[in-house]
Amino acid sequence: MKLSKNKTVAMRKLLLSLISALAVILILTMLSLAWLNNKRTLQTVTTMQMPVLFIKDKNDVETQTLDIGNLDVSKDGCKYITFAVTASRKTDFNIQLAHTTNIPLAYEIYPAQKNGDEIVVGETKLKGSYLTRSTHKETYGDYDEIHVQFNAEPIYWQASDAQSINESYGMKYYVLRISWNQAINNKETEMIYITVSTKIADVNSGTGGNQ
Amino acid sequence: MKGIKTEKTYKNKQEIDEIKKQLVNSSVLVFCSLFALIFASVAWFASNNSVDSAVSKVSANGDLFELASANGTIAYLGGTLPNEYQNVENGDSYTILDNIQGIWTGGKQTIQWNMSDSSNLNNTEQKSEGLGPGASGQLQFYVIAKENGSLKLRFELEIIPLQEPETIDDNTVFNRIENDDTYETSLKLLRGHLLFSYICNDVNQNALVDYKDGGFMLKFENMVADNPVLVTINWFWPQTLSDVVEHTQYGTYISNEMAIHEESFFYNSGKKIDIETVSKEDEIQNDYFNNADKYIGDNIYAIILRLNAYKES
């Protein structure tokens, strides 16, 4: 009798531990599944576009200045300056030209190809427009227009279509054509800036800041 | 008398000892199985692949919500992602509205987030130039309740920064940024510069996502089962300090935050930055702000962007 009593007790204890183990398993399973049920995810990827742009001369050497030299305005003429744009990564960019108006020069930028040492100028110049004098305020702030000599204030031209570099360090060549009609030579100095930027600025908004 | 008593107590003591022993044995057994269970569960969670089939079986009874994404273009990175982020399944077709077709999670944990024309992440095969300062766009998704009534969801825009990929056996392989410091700093700055706001007309919400952890909450009151609700996420990466300070919706808030959590917005070669008040004219602040963008660009090659949704009780 004692033996069976022990056995019953032992069995009861076993049963109890089994039930408690089962209960724990059930609770944990429910918790896990509940946790899974409650999470949903949408996933996408994208790259960071932050290429560095360089301007190079016709010999593919990075440069800050492009030598234009002297212009003989005693007769009609024109001059071509080659420059190249490259970027550390595939990107779109804007070309902007800023220049003072001390000398009556006309500026055009043509896309070009480089074949060996030769630069072949494209047929159609880049379309663009001069951003109006609304840029005066953005450039000079509240500094009075009277105090800035009209010709010393640069005007900004921007290509209307974004240009693109299609691969890392791909090169895009351009030729700046400066032309003039015969003019009086007063030994003036002209300042010309070519700017390229990856911010695709809205031409119509007239934002002509230097990048 | 005394003798009999001793015998009885001795026998009781013996019984008690036996009971104790058995209790200890059973407890040990229970703890061992508990431990084994926890271990198995953790292993189960960790290996997402094996989880999927179990989830779909369970999904028949008791999923509380699903997400959907209108048809669009799939993101293209041109390489393989780190293992933990490869388990993105194809969402099943789902009719969101009469005129909007899409894909939904339908019991699956992770599906692709389709891009639309206004997403502007530049992450499609046709247009893959990527993200940069001065850009903005819009991402959308739908929440589908599986039961009528209220539904409270906690969202998290998770960003995983990846470094320049390596080429292994002709394959392009992407990895998370390996250097812990760089990972932390670049992610912190990116979160401070890539700002998200969320709009849900159904709950009349239009607010900024927490820039520190990408979190936001939506409490839907009268959800109708299987009736998709649209949530729009507008993202904006300011070009300059002025752009963010002058932002009509959150310029003031972010300006205040910038003076408290400088490390999320400004960078100066890793040195500590102290700013009292943010001023868009302050040249040094502008420099630090732009340096942050440069740091992001120098160190992060690409990001994985995940919208995680959790049910809150």
Side-chain angles (χ1 to χ4, degrees), chain A residues 2 5-6 9-52 87-94 141 162 164-166 168 197-202 207 209 211, chain B residues 18-19 22-23 26-27 29-30 33-34 37-38 41 44-45 51 54-55 58-59 62-67 69 75-77 81 85 88 105 109-113 115 121-123 128-134 139 141 239 293-294 296-298 300-311:
Chain A
K2 254 190 228 163
K5 197 179 177 191
N6 273 344
V9 170
M11 273 184 69
R12 276 210 194 124
K13 289 198 177 68
L14 189 66
L15 211 66
L16 202 68
S17 33
L18 272 174
I19 290 172
S20 40
L22 216 72
V24 170
I25 291 171
L26 206 71
I27 291 171
L28 279 176
T29 317
M30 275 169 60
L31 281 175
S32 342
L33 291 175
W35 191 62
L36 284 173
N37 279 353
N38 289 336
K39 183 184 180 190
R40 291 288 182 267
T41 298
L42 298 177
Q43 177 170 308
T44 187
V45 290
T46 186
T47 50
M48 295 288 116
Q49 176 212 50
M50 233 152 332
V52 182
S88 60
R89 208 194 287 183
K90 172 177 160 172
T91 182
D92 287 344
F93 64 93
N94 259 354
S164 46
I165 303 277
N166 293 322
S168 289
S197 92
T198 52
K199 181 188 176 190
I200 308 299
D202 185 1
T207 45
Q211 297 277 356
Chain B
E18 266 193 49
I19 292 169
Q22 292 221 0
L23 259 172
S26 349
S27 319
L29 201 73
V30 171
S33 31
L34 199 78
L37 208 79
I38 294 173
S41 315
W44 198 37
F45 296 152
V51 155
V55 172
V58 168
S59 69
D63 280 351
L64 300 147
F65 75 95
E66 303 287 348
L67 297 179
S69 171
Y76 170 79
L77 192 58
L81 296 177
Y85 305 104
V88 183
T105 45
Q109 268 243 292
T110 310
I111 64 169
Q112 294 283 8
W113 196 350
M115 297 290 109
L121 288 182
N122 289 343
N123 56 351
S128 57
E129 301 86 67
L131 275 187
L139 300 166
F141 66 95
Q239 175 89 19
D293 280 333
K294 185 165 189 310
I296 294 167
D298 285 345
I300 304 182
Y301 186 90
I303 57 168
I304 300 174
L305 179 66
R306 285 159 66 91
L307 173 77
N308 297 319
Y310 305 85
K311 181 173 177 301

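- The contact between B/Leu81 and chain A is made entirely by side chain atoms (from C-beta outward), counting heavy-atom distances below 4.5 Å.
- Remark: the backbone N or O of B/Leu67 is paired with a side-chain donor or acceptor of B/Thr105 at under 3.5 angstrom.
- Among the candidates B/Ile111, B/Leu121, B/Val30, the residue making the largest number of heavy-atom pairs closer than 4.5 Å to chain A is B/Ile111.
- Chain A forms the most heavy-atom pairs under 4.5 Å with one residue out of B/Ile303, B/Ile304, B/Ile19, and that residue is B/Ile303.
- Side chains of B/Leu305 and B/Asn123 form no contact here, defined as non-hydrogen atoms less than 4.5 Å apart.
- The closest side-chain heavy-atom distance from B/Met115 to A/Thr46 is not below 4.5 Å.
- Most heavy-atom pairs under 4.5 Å with chain A: of the set B/Leu77, B/Leu139, B/Leu23, this distinction falls to B/Leu77.
- Side-chain N or O atoms of A/Gln43 include none that pairs as donor or acceptor with a backbone N or O of B/Val88 at under 3.5 Å.
- With a 4.5 Å cut-off on non-hydrogen atoms, B/Leu29 does not touch chain A at all.
- The side-chain heavy atoms of B/Asn122 and B/Leu131, taken from C-beta on, include no pair separated by under 4.5 Å.
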